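As structure tokens, the structure follows; a few thoughts come after it.
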Amino acid sequence: MIKRMLLREVEYARPESVEEAVRLLGAHDGARALAGGQTLVNVMKARAASPEVLVDLADLDELRTIGRAADGALELGAMVTYSELVRSPDVTAARPLLAEVAATIADRQVQNRGTVGGNVCVNDPTNHLPPLFAAMGATFTILGPGGERSVTAEEFFLGVYMTAVSEGDLLTRVTIPALAAGSADAMEGITLGVHGTYLASAAVAVSPGAVRIALGCVAGVPERATAVEQRLAGAELTPENVRAAVAGLGDTLDPPSDVHAPADYRRRLTEVVCERAVLAAATRAKG
Amino acid sequence: MSEPSDSRTISVEINGTTFEREVAARRLLVHFIRDDLDLTGTHIGCDTGNCGACTVQLDGLAVKSCMMLAVQADGASIRTVEGLASDDGELTPLQRAFTAHHALQCGYCTPGMLMSATTLLEQNPRPSEHEVRAALQGNICRCTGYWNIIEAVQAAAEEVSAP
Amino acid sequence: MSVAPEVTESSTYVGQSIPRKEDGRLTQGQGVFVDDMKRHNMGYIHFVRSPYAHARIVSVDVTAALEAPGVFGTLTGDEVAILTEPFFQIAPAPGGNIKDYALAVGRARFVGDPVAAVVASTRELARDASELIEIEYDVLEPVVDARTATDPRTPLIHEEVGSNESWSGTYDWGDVDGAFAEADHVVSIGELHFDRFNSTPLELDAALVEYNRGTGQWTIHCNNQFPGFAVIMMGPSIGVGLDKLRMVTQDIGGGFGNKITSHPQLVACCLLARKLNRPVQWTETRTDFHQSMSHGNERWFQDVEVAVKSDGTMLGFRCKALDDAGAYLRYEPLGGAIWVQVAPGMYGWRNIRVEYSQVVTNKAPVSPNRGYSRMQHLWLCERIVDIVAHELELDPIAVRKLNYVQPEQMPYETPSGCVYDSGDYPRALDSVLELIGYEGIEARRADAKARGKLLGFGIGSTLDSGTNNFAQSTYLNPDLQFSGNSEVATVKLDIFGEVVVTLGTTPQGQGHETTTSQVVADIVGCSTDAVTVRVGHDSYWNSHAGFSGTYASQFAVSGLGAVKGAADGLAAQMRQLAALVLGAQPEDIELGGGFAKLRANPEVALPFMALGAIVNVNNANLPEDFDATMNVRHVYRPHFEPLDLERKFGNLTLTYAMQIHACVLEIDPETGVYEVVDYAVIDDCGNRINPQIVEGQVMGATAHALGAATWETFAYDEEGNLLTPNFYDYHVPHALDMPPLKTGAIESPSPFSALGTKGMGEGGGAGIHAVCAALQDALRSVGGGIVHDSHNPYHRVFAMLQDPAAARADVKVENA
Amino acid sequence: MNVEGTREFDASRERVWAIISDPAGMAGLMPGVDGFEIIDPTHWRAKVKVPLGLGGLKMTMDFEQLEERPLEFASMRGKGKGMGAMMDMTTSFTLSGEGDHTHMAWEADVKLAGVLASMGQRVLQPIINQQVEGIMSALEQQLASPA
């Protein structure tokens, strides 16, 4: 029960088209998409989960593209790796912070395999991309037996390890609006070691007159700090104003405790990283 | 068509040799390399993908072979520590620098370190100290404290880049 | 350009940083670690471990597992109880009544305690079958806090002991009450805690075990780092003589003490190899290791009182020490005596009383970990210095210099009778201050403040005692028949003139092949390339003794002492033979460059090849009384006087290397997050055979300390679940986490070792002391919280920032 | 781990009680119940699949009714065993309120062993909160529909 490292029996398929992938996911009970596997394979080694069928998305080239929509929005295929985000001129042009954050996820080896789709579908509370995408106002395109649908971050993230991607569904794409003039993003976190697991994180998107804030590590889904957003709407983002707006944020949260951060400490950290992220985004927006 | 099955015949090029083997779907790439092909230079030091001892190059990128199924490597080209030295046994500048700078003690993390560092220097021949550290972040060493490893990688970069 | 280290013009190899002989194979993936080995038809062992910290094992049913595909067989605790005797216990009764077997018998006592084992044809099938072993548990209340372990309401972990206390004893040296009567100030600290962690070597414990039915002999390929101890535990348990247990090691991927106590698993492997009549293989997983193997001793220091004169001179201290041994005494209670090697730390304190007790808990068993038991105590000594300095508003550097044992006192006999062999501690402190640029520290503090950071500076000084006198075990149990120490080396001259060295040690990265070749080459007169040092340990080589292994900072003294003895012996025989052949006296012969030459006329020379061949294959004409074998085995034994058990007095280690660390860190006051921004270490381990290897040990130990100070902890919840069961939550520092480091060395040769060397490798604990000191220094300006724990994660620092009064509530000063 | 909370329902205590005191009613509220079996009036068993994105956590839970004071208080113990996790949970509900209003105070003491216990601390509380939220919402929904 405690021993790890070796997977249970599993079946494996490597479809050549998105449609075939969706068919396979729908046809087999307990089927699960295998993207980069940088979480899933570990969980399977621990035998904490054992899907019966793995549908490897590796050959689905259409999920590997990074593109720009007509309105400039950034379209990220679900199988785009963190390393590809780091190197992409499109990402750097549309939402540069995304590349910066991707460069701090785990380590180089994981960045070479881990994917955008895997990161958000796992939705571990400590993951980088869920709060970041929530703050950026991303939409998620899901292909299922009934066709394609797009959902917002609020609709996408349902709980720890739970998203709107249900059995038989496949996340194909994440779409992120391009930064408008006078807008900027920032993400701040406290990690276990440099570039380590987040103990607290806050992603912020500042646009003229508005601030979107999503907090990681405090709940099963990225938590929008809506009260802080409202207090800051239209306000000048000075250190004093931001501090005042963030004050009391921790008391509204119900974060978990673990060996690295008791709940109260996590509340405090979340206030600090929230404040810092808003100020960092404001500075960038000016710059 | 690709229907699910619990094993597959895969074809993988490793250090220039192509291996075609039937492998269970659940077999980890690292066990395929170590147990099935007997290339035991690639090591295992953890269960969670943290330590990097199993790092190999897959199509030119450093990856952790314990976080991949062997079937996922079908069609790929892999390089392991055994593939670093030339056929006539000449070591790479990085391998020599590891010795010269005492960048290893027990040597257990060394293969993974070398694969990460080799990949770094291929992509970035003159890395800064910070870039070296960042490239090695996914490889744990419990003997050296990393300082000599970082020094060795920088020295090898200098040697290779020297006019 | 060349990247080779500079080899200085010198007539000797000793003292030079020659490149390591080991590295060629290790940089090419050609090392042989245990898990790399395979045998035809071998089976893979998988241990089924308890998910409960404390539970009665009601039943174990292996029926379904035996029917599973590929399964060769199983082993259960009930079988083990029939087939083996419980392991020998070092502790006297009642602690010694503990019954410890290769598998849990009747009761599981920690999460990860192995309850059954299954063997199958592949790793995956063994793992599959393990899920079919049905184990019924009756869950019992766990004991996870050492401080309540002896409370009468706390359940007993080993009923045969009658208590959860495994050993206790009082150490009382000097005139403690007199010292307190004489003191101007008494500084008291309610409770200090040294945390639980270990060095987590990257290679996990493993074995490949073969059984020879015909001879009844096992060959145990493993990575145990103290085979001498392992077989003493295993032989009586299985009921066989030690020669039936052939221990073989090759490359070992780190040990740090953590690979000493794998004997329970090795016994299980032996039983399975015999039962199934096939080679069996076991490789632990990372999670297995964290949950079950060799945690460092967790220790509480309670009611600490320090007697201080007004100038800061400390006369001594008294305290209680409470050691948490975990569930079984695998190497314990030796930790209860080992710390005595360094009872006063580096200080001239003459009056010390420690009421020591050790308890068992439902956590993984503790066993040696780099700095074993001394690190805990030295941390206490350093905490005492920094807390006293803080409370009396004295300079911690001045207080150290004032209290250090002074160079003119060397060799210095401590109040417990240990003898510090040599060293100049104040000079070492000055050196480290120079390395770190201490004169600029206040400017750096101001700069940090301007950036909103709290800068802290701290010193950690530490001893690295090596070459144990195993008689120290009789402090715990006078009936034990252990004393002294031993190590073996064999040096031979082969037929073609090759010098071959066999060691009894089990290096795990310390470069024994290299340093051995340096010592031998100088003595025998050849190049280090001409010296082959066999890899690893093999008891068939008959080049080992009872204490053989690699542990406890001793190779440079005991290992190389044996090497030197054997090489001296071989050189004498070579001179003897050359003299015979050349018609001269042995003293007329000089060895050098691979030749035995006539001193007076070096043109007259015999190559080593001739010497090797004459004795081995061309010996008909040798005189009948010629007795040189060209194969010399030497046993190194240090001399120790008998201990005074009544007073617990006597010398426990031969040499005392030392390190002083200096740490500069910055705290973010808003979060408690801190970063070590500058770091320096001075090491003095006497003569250095290979300075680069010594520096490597200093660096590695420093990294361990920095990890333990901030991130690495084996933390348990109330149910006895380990919350850091692998590298996901047990954060080992990586390349981005490491601060800049400067190192320096002083050489104070030991008068007691053959080469003037001192064993080293374990001094890194000073990093923990230095970080604690630096944190406390940084907190000085914001309420003066006192650092009470060796492990300071960010939230603990934040708590000290938030409520400094609470963080100093149990620290008091009474003035006379 | 101890978790607790309160919840208000626009329904009489009798209606709330009728559902929570009935094993089948309870099973109907729990998310991901795959199968359900009543062993005797105070013991029942449920096969649960906690829907997690990584494949779902399957557990067989054995429930035992511990104490019951109709309309006021109920407590039960559930022991579960599944992949990588052993759970031992004691939970209780206290009802108060008059007329068409019910106030429920609930608490649960959850003990875990196995891989989730050691590696899942960080996500455990959010998962339990999700489960409880699921149960309470289902109860609310059931109460909202005509009796």
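Chain letters run A, B, ... following the sequence lines, proteins first and then strands; every chain starts at 1. Please read these numbers as outputs of a predicted model, since none were measured by experiment. Side chains are part of it too, since the values below use all heavy atoms of this structure and drop only hydrogens, waters and symmetry mates.
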Q: Using a cut-off of under 4.5 Å on heavy-atom pairs, state which of A58(A), A106(A), S17(A) scores highest against chain B.
A: A106(A)
Q | Audit row: S5(B), E11(A), side-chain hydrogen bond (donor to acceptor under 3.5 Å, both in side chains) steps and yes/no | A | CA-CA 5 Å; S5(B) 71; E11(A) 294 192 30; over 6 Å; no
Q) Passes side-chain contact (heavy atoms from CB on, under 4.5 Å), K45(A) versus D47(B)? Steps please. A) CA-CA 7 Å; K45(A) 283 193 286 194; D47(B) 322 341; 5.5 Å; no
Q: Evaluate the side-chain proximity of L28(B) to V41(A): yes if any heavy-atom separation is below 4.5 Å, no if none is.
A: yes
**Q.** Contact summary for L24(A) and P4(B), nearest pair of heavy atoms
**A.** CD2-CD, 3.8 Å
Q) Of all heavy-atom pairs between Q72(B) and A35(A), which one has the smallest distance, and what is that distance? A) NE2-O, 4.0 Å
**Q.** D74(B) to R14(A) - nearest heavy-atom pair and separation
**A.** O-NH2, 3.5 Å
Q) Taking all atoms of both residues into account, what is the closest heavy-atom pair of N42(A) and M67(B), and its distance? A) ND2-SD, 3.0 Å
Q: With rounding to the nearest 0.5 Å, note down the distance linking CD in E9(A) to CG in D6(B).
A: 5.5 Å
Q.
Counting only non-hydrogen atoms closer than 4.5 Å, does S116(B) touch chain A with its backbone (N, CA, C, O), its side chain (CB onward), both, or neither?
A. side chain
(Q) Side chains of R26(B) and V10(A), heavy atoms from C-beta outward: is any pair under 4.5 Å? (A) yes
Q: Hey, could you give me the CZ/CD distance between R87(A) and Q123(B), rounded to the nearest 0.5 Å?
A: 6.5 Å
Q: Give, as side chain, backbone, both or neither, the part of V110(A) having an atom under 4.5 angstrom from any heavy atom of chain B.
A: side chain
**Q.** Any side-chain heavy-atom pair of D56(A) and L69(B) under 4.5 Å
**A.** no
Q) Taking the side chain as C-beta and beyond, is there a heavy-atom pair between D107(A) and K64(B) under 4.5 Å? A) yes
**Q.** Contacting moiety of H195(A), where chain B heavy atoms sit under 4.5 Å
**A.** both
**Q.** Considering all heavy atoms, the nearest A134(B)-R108(A) contact
**A.** CB-NH2, 3.4 Å
Q. Can E3(B) and R23(A) be counted as an ion pair, charged N to O under 4.0 angstrom?
A. yes
**Q.** Atom pair OG1/CG of T119(B) and N112(A) - distance to nearest 0.5 Å
**A.** 8.0 Å
(Q) So which residue, L61(B), L120(B), L136(B), N139(B), ends up with the most heavy-atom pairs under 4.5 Å with chain A? (A) L61(B)
Q: Kindly give the heavy-atom pair with the smallest separation between L58(B) and R113(A), and that separation in Å.
A: CD2-NH1, 3.8 Å
Q: Evaluate whether atom CG of D38(B) has more than 12 neighbouring non-hydrogen atoms of other residues, nucleotides or ligands under 6.0 angstrom away.
A: yes
